[in-house]
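Report on the structure given below.
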Amino acid sequence: MPELPEVETTRRGLIPWMRGATIADLVVREPRLRWPIPADLAVRLRGRVVTDLTRRGKYLIVSLDKGALIVHLGMSGSLRVVGPEVPPGPSEPFDLVLAGASPMAVRMRDPRRFGALLFSEDPLHHPLIAPLGPEPLEAGFDGAYLRARGRGRTIAIRDLLLNGHIVAGIGNIYANEALFEAGIHPGRAAGRISADRYEVLAQAVIAVLSRAVEAGGTTLKDFAGSDGRPGYFQLQLRVYGREGRPCPRCATPIARLSGGGRSGYYCLKCQR
DNA sequence: AAGTTGACCTGAGGGC
DNA sequence: TGCCCTCAGGTCAACT
């Protein structure tokens, strides 16, 4: 599920609830996520104050008066605000309980358990965060940067975009959508794309991600924002998941790139 | 070094 | 209806 726009949607929804709040407790029902939730985490968190909620790529960083939580939603994760009376369902590994006049909890749902909840004294230097590439919606990301990273390489351009150490936050949906918008074939070797086309691609990445953030992310199956409402960007998808349907530009049926990992969708006429 | 594949999990959907 | 197979929004580790 969650790529940059979905994580950003979650972050924006949680800010009013979390910023300035005191953590009353962490209730762990299932510690076996991508990495185990540290056993002593609840003890460390009780009484801590949330000073800020930020995002780096697909990671949420909950800054505390001492240290920070690092949250990743994996493939199937979401965070929702619930009242204390709402009983937890299956696949809901933890609640972060916040104190206040009307106490509430931030509840994680993660059926596939590819998500993570970790603690760090210095999150920006954490081994998962430090190697991330630039944020695509901030300065430092442009065509020249992408071209420099792709220079001389035979890797498919889609896989370059999916590598968080090259650029942070892009997943399979938005990589495919941006490549369509830029008219570039997802399998094209990264080293065989002109400077001009790299500039078009970088702008397409920025445009697609910005529109998706505005729409509240993409809900294909089960993504929900912190208020439980879905995103709406799936209505604007032009190629992802649309094999056989007409290309919005030329009406040629959308093709699917199979073989080797995750699938790619593209128009074989518009994208070279 | 760069590229490719497997691994980690659950649940949904299609075919028979 | 039910079983089995395939696939899914991520990404690290271990191979070639």
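Treat the numbers as computed from the prediction; the structure is a model and nothing was measured. The chains referred to below are lettered A, B, ... by the order of the sequence lines, with proteins before strands, and numbering in each begins at 1.
Remark: the A:R113 side chain and the B:dC9 base include no donor-acceptor N/O pair separated by less than 3.5 Å.
Within the structure, ring-ring contact (aromatic ring centres under 6.0 Å, His included) contacts touching residues 145-192 of chain A (residues at least two apart or in different chains) are A:Y174-A:F233, A:H185-A:Y266.
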Footprint string (nucleotides 11-16 of chain C, 5' to 3'): B base within contact, S backbone only, - free, heavy atoms under 4.0 Å
BS----

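If you run salt bridge (charged side-chain N to carboxylate O under 4.0 Å, His left out) between A:D25 and each of A:R44, A:R46, A:R48, only A:R46 comes through. With respect to A:D95, the salt bridge (charged side-chain N to carboxylate O under 4.0 Å, His left out) criterion is satisfied by exactly one of A:R109, A:R80, A:R107: A:R107. Each of A:D142, A:I184, A:I157 was checked for a side-chain contact (heavy atoms from CB on, under 4.5 Å) with A:Y198, and the lone residue meeting it is A:I157.
The two atoms that bring A:T9 and A:G217 nearest to each other are OG1-N, 3.6 Å, heavy atoms only.
As rounded to the nearest Å, B:dC9 and C:dA14 have P atoms that lie 16 Å from one another.
Residues A:R56 and A:E135 are paired through a salt bridge, judged by an N-O separation under 4.0 Å between the basic side chain and the carboxylate. The residues A:E177 and A:R211 are annotated as not salt-bridged, no charged nitrogen and carboxylate oxygen being separated by less than 4.0 angstrom. A salt bridge does not link A:E6 with A:K221: none of the charged nitrogens is closer than 4.0 Å to a carboxylate oxygen.
Taking atom CG of residue A:L117 and atom P of nucleotide C:dG10, one finds them 20 Å apart after rounding to whole Å. In this structure, CG of A:D159 is placed 13 Å from C1' of C:dG10, rounded to the nearest angstrom. Put simply, NZ on A:K221 is 12 Å from P on B:dG14, counting in whole angstrom units. Rounded to an integer number of Å, the gap from A:N172 CG to C:dG10 P is 6 Å. Separating the CZ atom of A:F114 from the P atom of B:dG6 is a distance of 15 Å, rounded to the nearest angstrom. If you take CZ of A:R112 and P of B:dT10, they are 10 Å apart, rounded to a whole angstrom. Between A:I157 atom CD1 and B:dA2 atom C1' there is a gap of 15 Å when expressed in whole angstrom units. At whole-Å resolution of the value, CD in A:E243 and P in B:dG14 are 14 Å apart.
A:I206 places a side-chain heavy atom less than 4.5 Å from the side chain of A:L137.
For the OP1/OP2 pair of B:dG3 and a distance below 4.0 Å, the side-chain nitrogens and oxygens of A:R153 include at least one atom meeting the criterion. Between A:S76 and B:dG11 there is no side-chain polar atom (N or O) within less than 4.0 angstrom of OP1 or OP2.
In this structure, A:I155 reaches the sugar-phosphate backbone alone: every heavy-atom distance under 4.0 Å involves primed, P, OP1 or OP2 atoms, never a base. At the heavy-atom level, A:Y240 lies under 4.0 Å from the strands shown only through sugar-phosphate atoms.
Hydrophobic cluster membership for A:V27: A:V97 (Ile, Leu, Val, Met, Phe, Trp, Tyr linked by side-chain heavy atoms under 4.5 Å, directly or transitively).
Paired regions of DNA chain B, where each region holds three or more successive Watson-Crick or G-U pairs whose two hydrogen-bonding distances fall under 3.5 Å, are B:2-8 with C:10-16, B:10-16 with C:2-8.
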Restricting both atoms to N or O, compile the protein contacts to nucleotides 4-7 of chain C shorter than 3.5 Å, with distance only.
residue : atom : partner : partner atom : Å
C:dC7   : O3'  : A:R256  : NH2          : 3.4

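For A:D122, the side-chain hydrogen bond (donor to acceptor under 3.5 Å, both in side chains) partners are A:H125, not counting sequence neighbours.
For the residue pair A:N176 / A:N172, a side-chain donor-acceptor distance below 3.5 Å is found, with atom types taken as modelled.
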